[in-house]
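Data first, discussion second: the structure below is written as structure tokens.
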Amino acid sequence: MAQPLAERLRPKTLDDYIGQKHLVGPGAVLRKMIDAGRISSFILWGPPGVGKTTLAQIIANKLETPFYTLSAVTSGVKDVRDVIEKARSNRFFSQASPILFIDEIHRLNRVVEEILYPAMEDFAIDIMIGKGPTARSIRVAVPKFTLVGATTRAGQLSAPLRDRFGILFRLEMYKPEELAQIVRRSASILEIDAEDAGIMEIARRSRGTPRIANRMLKRVRDYAQVRGGGVISLDVAREAIAMQGVDELGLDKVDRAVLGTMMDKFGGGPVGLDTLAATTGEDAVTIEDVYEPYLMQLGFLMRTPRGRMCTPTAWEHMKRTPPGQGNDNQLKMEL
Ligand code: ADP
């Protein structure tokens, strides 16, 4: 069966993993651990789509050890037991322990936590055999796992969880040049004809996020097939991206609604996250995890103890005048 598109684009080796040099470049701590073939449990922290899962899989490939995944949100006790069972029966010959990747670790539910952690610490779980009065529990051995947790919100990790995982590695959003490398690689895998300027345009307008860049590439490719003779030129990329409602700097409708609401209703802030969520109709968690990181990277938004505030560059980008400037000033002088 053909591999799903997203899997075809996912890098399998560190050489293909672009950027994040502070983590995997020469001399970086994580790189040293990987090269030594011995890693301890750690957490990868960063916004959605920046390469946490990909990096964890690459590490498992490199160490030639099995890779298992659990979602802290959707996996239940049965899934944990299934993973443990699979790991028990899977023969592998690497020196390194199998990796257990737990996505959205900050949301790990208590029930899962209660069977997972003792298993990790004692290398054993208790299984019930039989039913009713004759039921008894037996201990079975569990292989030693290396836990890799992924989270979009390090602030929500409890102290015991942080202690258990040891190191927290933060992934950064990507620079346009790095995203261009990723888009170029994806275009070549998908056999898309793309000019450099077209690639750069997609990279610049993908909010510093590889998953968005790859998605944008496919949308622009579809547009190019209809309008541009199949080739992604600068003009084709510009038109296709504008049709998605994405502006010059990669801001989409929701980004612009967040900024616009802050400016029009709250004079640019400070405004609390919940108020912002209620007035824009977006979920507070989504605003915080998905929209804010990029707005902050652009220097459009600041977090202050009293709430979120728009910066002067944000006002400029949104083509609005902050209160107390422009016409208001003129009014004051006339008075
Ligand atoms: P996360 O787990 O942080 O949500 P993923 O690891 O699933 O993000 O990454 C989403 C997609 O983006 C991957 O399928 C891959 O194609 C691409 N990607 C992510 N990081 C990189 C990278 N450093 N280099 C190349 N492609 C990447």
Side-chain angles (χ1 to χ4, degrees), residues 2-21 24 46-55 58 152 171-259 286 289-301 313-314 317-318:
Q3 234 187 351
L5 213 56
E7 280 315 306
R8 280 172 64 198
L9 298 184
R10 201 190 276 285
K12 306 281 185 291
T13 64
L14 274 181
D15 286 341
D16 282 340
Y17 190 80
I18 316 285
Q20 309 297 349
K21 291 292 173 241
V24 294
V50 293
K52 300 182 290 296
T53 314
T54 307
L55 180 55
I58 287 176
T152 47
L171 281 83
E172 285 168 2
M173 296 189 110
Y174 293 68
K175 299 186 190 77
E177 303 74 47
E178 292 169 337
L179 283 184
Q181 266 180 277
I182 294 175
V183 173
R184 195 168 295 117
R185 174 177 171 274
S186 301
S188 128
I189 294 173
L190 301 177
E191 298 180 7
I192 299 172
D193 198 352
E195 292 172 6
D196 269 351
I199 289 179
M200 199 57 210
E201 193 63 11
I202 295 174
R204 263 192 343 101
R205 292 166 75 171
S206 296
R207 337 170 43 97
T209 310
R211 182 180 294 143
I212 297 181
N214 282 338
R215 197 189 304 148
M216 192 67 91
L217 170 68
K218 286 178 242 162
R219 296 209 173 130
V220 177
R221 186 256 331 254
D222 293 346
Y223 181 86
Q225 281 170 348
V226 182
R227 301 293 289 273
V231 181
I232 299 183
S233 62
L234 177 60
D235 285 346
V236 163
R238 281 195 176 143
E239 285 164 29
I241 296 170
M243 270 180 57
Q244 307 288 324
V246 169
D247 77 11
E248 265 299 294
L249 290 179
L251 301 190
D252 67 14
K253 288 185 187 118
V254 180
D255 294 302
R256 299 180 65 84
V258 167
L259 292 178
T286 313
D289 286 359
V290 180
Y291 294 99
E292 276 189 356
Y294 186 57
L295 292 174
M296 285 176 29
Q297 162 157 314
L298 287 177
F300 281 5
L301 199 79
T313 41
H317 181 72
M318 294 293 285

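Positions are given from 1 along the sequence.
Shown here for Arg185 and Pro11, the closest heavy-atom pair between the two residues is NH2-CA, 3.4 Å. Here the closest heavy-atom approach between residue Leu259 and residue Ala314 is recorded as CD2-CB, 4.5 Å. Here the shortest heavy-atom pairing between Ala242 and Arg205 reads N-NH2, 4.1 Å. Among all heavy-atom pairs drawn from Ile189 and Arg8, the shortest one is O-NH2, 3.5 Å. Considering every non-hydrogen atom in both Gly19 and Val24, the closest pair reads O-CG2, 3.9 Å. In terms of heavy atoms, Ala203 sits closest to Leu179 at O-CD1, 3.4 Å.
No side-chain heavy atom of Leu251 sits less than 4.5 Å from a side-chain heavy atom of Val246. Residues Val290 and Pro47 fail the side-chain proximity criterion, which asks for heavy atoms closer than 4.5 Å. Looking only at side-chain heavy atoms (C-beta outward), Phe300 and Leu249 come within less than 4.5 Å of each other. Counting heavy atoms from C-beta on, the side chains of His317 and Arg256 come closer than 4.5 Å. You'll find the side chain of Leu301 reaches within 4.5 Å of the side chain of Glu292, heavy atoms only. Using a 4.5 Å cut-off on side-chain heavy atoms (C-beta onward), Lys175 and Ile18 make no contact.
The structure places CD1 of Ile232 at 11.5 Å from CD of Glu201, a figure rounded to the nearest 0.5 Å. A distance of 8.0 Å separates CD1 of Ile192 from OG of Ser186, quoted to the nearest 0.5 Å. The structure places CD1 of Ile241 at 10.5 Å from CD of Glu239, a figure rounded to the nearest 0.5 Å. With rounding to the nearest 0.5 Å, the separation of OG in Ser233 from CZ in Arg227 is 11.5 Å.
For Lys52 (side chain) and Gly46 (main-chain N/O), a donor-acceptor pair under 3.5 Å exists by modelled atom type. Looking only at distances, no side-chain donor or acceptor of Tyr17 sits under 3.5 Å from a matching main-chain atom of Ile58. Thr313 places a side-chain N or O within donor-acceptor distance of the main-chain N or O of Gly299, the cut-off being under 3.5 Å. For Glu172 (side chain) and Gln20 (main-chain N/O), no donor-acceptor pair under 3.5 Å exists by modelled atom type. Of the possible donor and acceptor atoms, none in the side chain of Arg184 sits under 3.5 Å from a partner among the backbone N and O of Ile199. In this structure, the side chain of Arg211 does not engage the main chain of Val50 through any donor-acceptor pair within 3.5 Å.
Within a 6.0 Å sphere centred on NZ of Lys12, heavy atoms belonging to other residues, nucleotides or ligands number more than 12. Around the CD atom of Glu191, the shell of radius 6.0 Å holds no more than 12 heavy atoms that belong to other residues, nucleotides or ligands. Other residues, nucleotides and ligands place more than 12 heavy atoms under 6.0 Å from the NZ atom of Lys21.
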**Arg221/Gln225 under side chain to side chain contact (heavy atoms under 4.5 Å, CB included): CA gap, chis, key distance, verdict** = CA-CA 6 Å; Arg221 186 256 331 254; Gln225 281 170 348; 3.2 Å; yes
**Request:** Could you go through the side chain to side chain contact (heavy atoms under 4.5 Å, CB included) check for Arg215 and Gln244 one step at a time?
**Result:** CA-CA 11 Å; Arg215 197 189 304 148; Gln244 307 288 324; over 6 Å; no
**Request:** Start with the C-alpha distance between Arg204 and Glu248, add both sets of side-chain angles, then the distance that settles side chain to side chain contact (heavy atoms under 4.5 Å, CB included), and finish with yes or no.
**Result:** CA-CA 8 Å; Arg204 263 192 343 101; Glu248 265 299 294; 3.5 Å; yes
**Request:** With side chain to side chain contact (heavy atoms under 4.5 Å, CB included) as the test, would you mind laying out the steps for Met216 and Thr209 before giving the verdict?
**Result:** CA-CA 11 Å; Met216 192 67 91; Thr209 310; over 6 Å; no
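Between Leu217 and the choices Asp222, Ile212, Val183, the side chain to side chain contact (heavy atoms under 4.5 Å, CB included) rule is met once, by Val183.
Between Arg207 and Asp255 there is a salt bridge, since a side-chain N of the basic residue sits under 4.0 Å from a carboxylate O of the acidic one.
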